[in-house]
Amino acid sequence: SNNNPYASFGATLARDEEQNLWSTPHDVTHTEADDDRVLYNMIVVRNQLDKDSEEWQKLNYDIYTLRQTRKEVRSRWKHILEDLGFQKEADSLLSVTKLSIISDSQNMSKARDILLKLLEETNIFPTSWELSERYLFVVDRLIALDAADEFFRMASAVYPKRPGGDRADEGPRAPQS
């Protein structure tokens with residue numbers, strides 16, 4: 001009934017779940033980063049299309065793929081954090097919200113350098129990954145805990161980049177002539 005204030009509750013939950021693309025659903029401190037906006041815009045466009053259309057199916061696949069990739073990257077980071085002894089703290093170290101701050105502005109340059117090294121020298125990120133500001137905050141936290149260098153060493157060991165520039169997450173390639 002239209003008089004029932006809870007009538008649309010399920011729809012609101014589903015919509016909030018889709019819009020909150022990274023953090024825990026209904027997290028009021030959710031930070032919207034560039035990669036969140038890209039995903040959100042894809043969802044908006046998809047929702048305006050006919051579900052039976054080829055464009056809708058392609059966008060739906062792209063949205064699913066992007067979400068799965070982000071989950072995999074987060075899982076890789078969590079795995080390394082847990083191996084470093086941060087079993088109880090891994091989720092909070094990976095949590096980035098509007099309230100998150102860089103602990104020391106002097107660490108920003110070092111955090112960027114480590115993040116770039118992780119991108120270039122390990123397989124912790126997929127080949128097509130664009131660096132997310134979110135992981136800059138995580139690296140900053142690791143610097144503050146004096147664990148950033150150890151994290152990089154562990155990432156290099158667990159997710160090594162293949163010689164010749166191939167990433168470990170890619171299948172075998174045909175020889176180039």
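Please read all numbers here as calculations on a predicted model, not as lab measurements.
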For E82 and Q87, work out which heavy atoms get closest and say how close. O-NE2, 3.0 Å

Would you mind telling me which of D83, T122, I124 makes a side chain to side chain contact (heavy atoms under 4.5 Å, CB included) with M154? D83

Over 60° means perpendicular and under 30° means parallel, so classify the ring planes of W77 and F125, tilted if in between. tilted

Using modelled atom types only, decide if a donor and an acceptor are shared between the side chain of R141 and the backbone of L93 within a distance under 3.5 Å. yes

Among R74, Q68, R76, exactly one meets side-chain hydrogen bond (donor to acceptor under 3.5 Å, both in side chains) together with E72. Which residue is that? R76

In short, Y159 meets H79 closest at the heavy-atom pair OH-CD2, 3.7 Å

Side chains of I114 and L142: does their closest heavy-atom pair fall under 4.5 Å? no

Beyond-backbone contact of K58 with L49, side-chain heavy atoms, under 4.5 angstrom: no

N/O donor-acceptor pair under 3.5 Å between K78 side chain and D91 backbone: no

Non-hydrogen atoms of V139 and A148 that approach each other most closely: O-CB, 4.5 Å

Check whether any side-chain heavy atom of F151 lies under 4.5 Å from a side-chain heavy atom of V138, and answer yes or no. no

Measure across R67 and L39 and return the closest heavy-atom pair with its distance rounded to 0.1 Å. CG-CD2, 3.9 Å

Quick check: do L145 and F86 have side-chain heavy atoms less than 4.5 Å from each other? yes

Ignoring hydrogens, what is the shortest heavy-atom contact between N123 and P160? Give both atom names and the distance. CB-O, 3.6 Å

Tell me, yes or no, whether the heavy-atom count around D146 atom CG, taken from other residues, nucleotides or ligands under 6.0 Å, exceeds 12. no

Looking at S75 and K71, would you say the former's side chain and the latter's main chain have a donor-acceptor pair under 3.5 Å? no

